[in-house]
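To keep things clear, I will list the structure first and then write my remarks on it.
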Amino acid sequence: MPELPEVESIRRTLEPRLLGARVSGASLRRPDVLSAPPGEPRTNRGRQLLVGGQITLLRRHGKQLALLTHDRRACIVQLGMSGVLRWSPEAPACDPSHHVHCVWTLGPGRGHLWFADPRRFGGLTSLRDSSLPSHWAALGPDALSISGTDLRRALGRSRRPVKAALLDQHALAGVGNIYADEALFLARFSPRTPCCSLAADAWDTLACAVRTVLAQAVAAGGSTLRDYRDGEGNAGRYQARHSVYGRAGLPCPTCGSSLSSGLLAQRTTVWCPACQR
DNA sequence: CTGGTCTCCTGATCGC
DNA sequence: TGCGATCAGGAGACCA
């Protein structure tokens, strides 16, 4: 499940493949994965998929990745649960069971970029690059550089459990279920703690934990639990360093207590009942 | 407005 | 072996 570290790893591995390449064609095998903002006609999908443009920049905010072209078009890729964005020399086979929804042909001789997403929680969004800032302003600040002040400002008066709040992309962008649990473990906060009961310095601790966990995960190429691969098909290595996620019932790496598991904000949540208060 | 719950979707896994 | 039930989860819709 791609969260910020996985999307950043995809961005970094795709960058050398895509920068300077010209989009010579796009095959949208499943049209309903592409959406355009209100007001934009659903015609001219080629234009919306950057055909004819030269890719000049790959930008990430939270879990979203934007491909930008020289003529100021943008296409945002959202991977959702099961999304894959991958480069390969040849176009992928046209087998419906692979759930490849869009294939871009890159020239000259720059191979192919493709988007697959079995569960279709992800999708593509076409934008003018001038509307990218406002599009991303609707999300919170990027979690890789989140400050305690930003977190406290967004969430400090909320009564929600802090775990639920960390998953809110309007407060901070990029944290999903895995890294929320890992950050709360590092900060030693119980996931059920109401936001409004955290003191100012606790928000600094939490923001620092979020940045630390995400930066370490980026450095390890993200977490591969089942399907995740970066833009060149490599698995991540951070799953071996998870302290709590997926480790319910196993010993806490700090104190050895059995890790607890429960449902919080509709998400499986794992924590150490001894270390996290 | 806030916060909780439902819904989308498919594949893996489990119990019988 | 096979089949149905269950679970996983990002994010927006929806409702109290």
Side-chain angles (χ1 to χ4, degrees), chain A residues 1-10 29-38 60-66 76-85 95-102 115-125 127 135-143 151-184 191-198 210 214 217 222-229 235-236 239 242 244-249 261-271:
Chain A
M1 34 231 80
E3 303 179 25
L4 186 152
E6 289 74 36
V7 178
E8 177 61 19
S9 298
I10 290 171
R29 298 177 183 177
R30 189 169 181 117
D32 60 355
V33 303
L34 174 64
S35 64
R60 181 195 58 75
H61 187 85
K63 306 175 193 176
Q64 299 188 3
L65 183 64
I76 295 177
V77 182
Q78 178 111 16
L79 296 173
M81 257 286 291
S82 58
V84 167
L85 187 66
D95 179 337
S97 70
H98 297 158
H99 302 281
V100 175
H101 304 318
C102 188
F115 169 66
D117 184 17
R119 278 166 238 193
R120 271 182 280 137
F121 286 5
L124 309 172
T125 303
L127 284 177
H135 187 83
W136 279 348
L139 301 173
D142 189 76
L151 267 192
R152 183 165 55 88
R153 195 176 295 144
L155 301 169
R157 284 180 302 278
S158 170
R159 289 187 299 274
R160 309 155 85 183
V162 65
K163 162 74 184 276
L166 286 177
L167 298 176
D168 183 348
Q169 303 299 299
H170 301 289
L172 75 166
V175 175
N177 203 36
I178 297 172
Y179 298 107
D181 280 6
E182 294 298 317
L184 287 167
R192 295 188 194 280
T193 308
C195 288
C196 56
S197 72
L198 291 178
V210 168
L214 293 177
S223 303
T224 295
L225 299 175
R226 182 176 302 155
D227 298 324
Y228 165 71
R229 293 289 186 279
Q239 65 281 359
H242 290 175
V244 288
Y245 183 87
R247 301 192 67 246
S261 164
L263 206 58
L264 204 160
Q266 314 300 110
R267 300 286 178 272
T268 301
T269 300
V270 186
W271 73 98

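Naming: A, B, ... by sequence-line order, numbering from 1 per chain.
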If the condition is salt bridge (charged side-chain N to carboxylate O under 4.0 Å, His left out), which residues does A:Arg153 pass it with, not counting sequence neighbours? A:Asp150
State which residues pass salt bridge (charged side-chain N to carboxylate O under 4.0 Å, His left out) with A:Arg159; sequence neighbours excluded, sorted by chain then number. none
Please identify each residue that fulfils side-chain hydrogen bond (donor to acceptor under 3.5 Å, both in side chains) with A:Thr193, with sequence neighbours left out. none
Polar atom pairs between nucleotides 10-13 of chain C and protein, under 3.5 Å, N or O only, would you list them?
unit_1, atom_1, unit_2, atom_2, d
C:dG10, OP2, A:Arg267, NE, 3.1
C:dG10, N7, A:Arg267, NH2, 2.7
C:dA11, OP1, A:Gln78, NE2, 2.4
C:dA11, OP2, A:Lys63, NZ, 3.0
C:dA11, N7, A:Arg267, NH2, 3.4

For A:Lys63, give me all partners under salt bridge (charged side-chain N to carboxylate O under 4.0 Å, His left out), at least two apart in sequence or on another chain. none
Hey, which of these two, A:Asp227 or A:Arg159, hits DNA chain B nearer its 5' end, going by closest nucleotide? A:Arg159
Can you measure A:Tyr179 atom OH to C:dG9 atom P for me and round it to whole angstrom units? 13 Å
Sorted by chain and residue number, the side-chain contact (heavy atoms from CB on, under 4.5 Å) partners of A:Arg30 (sequence neighbours excluded) come out as A:Asp32, A:Val33, A:His101, A:Arg120
Residue set satisfying salt bridge (charged side-chain N to carboxylate O under 4.0 Å, His left out) with A:Arg60, at least two apart, ordered chain then number -> A:Glu8, A:Asp142
With a non-hydrogen cut-off below 4.0 angstrom, is A:Ser82 in contact with a base, only sugar-phosphate, or nothing? nothing
Partners of A:Tyr179 by side-chain hydrogen bond (donor to acceptor under 3.5 Å, both in side chains), sequence neighbours excluded? A:Glu6, A:Ser223
Enter the distance from A:Asp181:CG to A:Leu166:CG here, rounded to the nearest 0.5 Å. 9.5 Å
Would you grab the first and last nucleotide of DNA chain B (5' to 3') that comes under 4.0 Å of any non-hydrogen atom in chain A? B:dG3 to B:dA12
Tell me the interatomic distance from A:Leu79, atom CG, to C:dG9, atom P, rounded to whole angstroms. 17 Å
Got a sec, which residues hit side-chain hydrogen bond (donor to acceptor under 3.5 Å, both in side chains) with A:Arg29, two or more places apart in sequence or on another chain? none
Report the end-to-end axis angle of the helix from B:dT2-C:dA16 to B:dC16-C:dG2; each axis comes from five terminal pairs, and the value is rounded to 10°. 50°
For A:Gln64, the side-chain hydrogen bond (donor to acceptor under 3.5 Å, both in side chains) test, sequence neighbours excluded, returns A:Gln78, A:Trp136
